[in-house]
> 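I am attaching a structure below and will ask some questions about it afterwards.
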Amino acid sequence: RGAAVAMSAREGDDATASGPSAAAAAKVVVLLKATGDAPILKQNKFKVNASDPFAKVVQFLSAQLGRKRVFVYLNSAFTPSYDESVANLYAWHGVEGKLVVNYALQQAWG
């Protein structure tokens with residue numbers, strides 16, 4: 001439940017946060033995409049604290065799916081280090097203002 005509090009559902013349009021607010025600038029939009037037989041989440045777009053480790057995204061996703069183990073990939077390609085910050089992953093691999101995270105119940109890539 002703690003992970004769910006750290007991530008907030010993104011309402012409305014797909015625009016990324018911008019402007020003078022330091023709080024808005026410290027968030028990253030994460031798009032969760034189901035792969036294979038993984039269930040599709042009703043809400044698949046979330047804002048995450050940029051300073052959080054990627055492990056928080058994985059914990060949140062595991063809780064949403066009710067699974068202890070979930071396989072995650074960035075841009076359908078590789079699994080990042082869980083201790084890497086969301087901000088760094090977004091800076092290196094962000095696409096169209098979002099960090100795209102594919103998830104599966106079984107190994108899908110790599």
Side-chain angles (χ1 to χ4, degrees):
R1 188 169 195 162
V5 174
M7 297 179 68
S8 58
R10 175 152 177 88
E11 304 276 335
D13 65 359
D14 290 343
T16 57
S18 62
S21 171
K27 298 280 187 177
V28 170
V29 176
V30 174
L31 176 63
L32 300 172
K33 292 179 131 185
T35 300
D37 62 350
I40 297 171
L41 296 175
K42 192 171 190 177
Q43 175 68 41
N44 67 346
K45 219 177 275 181
F46 299 89
K47 284 185 178 179
V48 181
N49 290 326
S51 61
D52 283 348
F54 186 67
K56 278 211 171 179
V57 174
V58 177
Q59 289 170 347
F60 173 78
L61 180 58
S62 294
Q64 291 295 303
L65 296 173
R67 301 279 182 148
K68 289 184 181 181
R69 182 172 180 142
V70 63
F71 294 88
V72 292
Y73 306 90
L74 290 188
N75 301 328
S76 303
F78 70 98
T79 301
S81 172
Y82 283 16
D83 61 349
E84 192 63 63
S85 75
V86 172
N88 284 345
L89 293 173
Y90 173 74
W92 299 330
H93 306 288
V95 177
E96 297 178 1
K98 300 177 222 48
L99 182 63
V100 179
V101 178
N102 299 85
Y103 63 93
L105 303 180
Q106 300 174 353
Q107 188 171 1
W109 293 284

> Taking all non-hydrogen atoms of both residues, which atom of A50 and which atom of S85 are closest, and how far apart?
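Heavy atoms only, the tightest pair is O-CB, 4.0 Å.
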
> Between K27 and N49, which heavy-atom pair has the shortest distance, and what is it?
NZ-OD1, 2.9 Å

> Please round to the nearest 0.5 Å and tell me the distance separating atom CG of L41 and atom CZ of F46.
6.0 Å

> Locate the shortest heavy-atom distance separating A38 from A104; write the atom from each residue and the value.
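Heavy-atom minimum between the residues: CB-CA, 4.0 Å.
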
> Looking at every non-hydrogen atom in both residues, tell me the closest pair between T79 and V72 and how far apart they are.
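Between these two residues, the closest heavy atoms are OG1-O, 2.8 Å.
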
> Going through the checks in order, is the side-chain contact (heavy atoms from CB on, under 4.5 Å) test met by V58 and V70?
CA-CA 8 Å; V58 177; V70 63; 4.2 Å; yes

> Rounded to the nearest 0.5 Å, what separates atom CZ in R69 from atom CD in Q107?
8.0 Å

> I'd like to know if the side chain of Y103 and the backbone of P39 have a donor-acceptor N/O pair within less than 3.5 Å.
yes

> State the CZ-CG distance between F54 and D83, to the nearest 0.5 angstrom.
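Reported to 0.5 Å precision, the distance equals 11.5 Å.
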
> Applying the 4.5 Å side-chain criterion to the ILVMFWY set and letting contacts propagate, would V95 and V101 be lumped into a single cluster?
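Looking at the clustering, V101 is in a separate group from V95.
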
> Do W92 and L31 sit in one hydrophobic cluster, given that two such residues count as connected whenever their side-chain heavy atoms are within less than 4.5 Å of each other, even indirectly?
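The answer is no; the residues belong to distinct hydrophobic clusters.
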
> First locate atom CG of N102, then atom CG of L74, and finally report the distance between them rounded to the nearest 0.5 Å.
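One finds 8.5 Å between CG of N102 and CG of L74.
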
> Over all heavy atoms of both residues, which pair between A34 and I40 is shortest? Give the atoms and the distance, please.
CB-CG1, 3.9 Å

> Look at the side-chain heavy atoms of Ile, Leu, Val, Met, Phe, Trp and Tyr, link any pair under 4.5 Å apart, and say whether V100 and V28 land in one connected group.
no

> Has Q43 got a side-chain atom pairing as donor or acceptor with K45's backbone, closer than 3.5 angstrom?
yes

> Would you give the length of the straight line joining atom NZ of K68 to atom OG of S62, rounded to the nearest 0.5 angstrom?
11.0 Å

> List the atom of F78, the atom of P80, and the distance in Å for their closest heavy-atom pair.
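What the structure gives for the nearest pair is O-CD, 3.6 Å.
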
> Between atom CG of L105 and atom OG1 of T35, what is the distance when rounded to the nearest 0.5 Å?
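One gets 9.5 Å once the value is rounded to the nearest 0.5 Å.
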
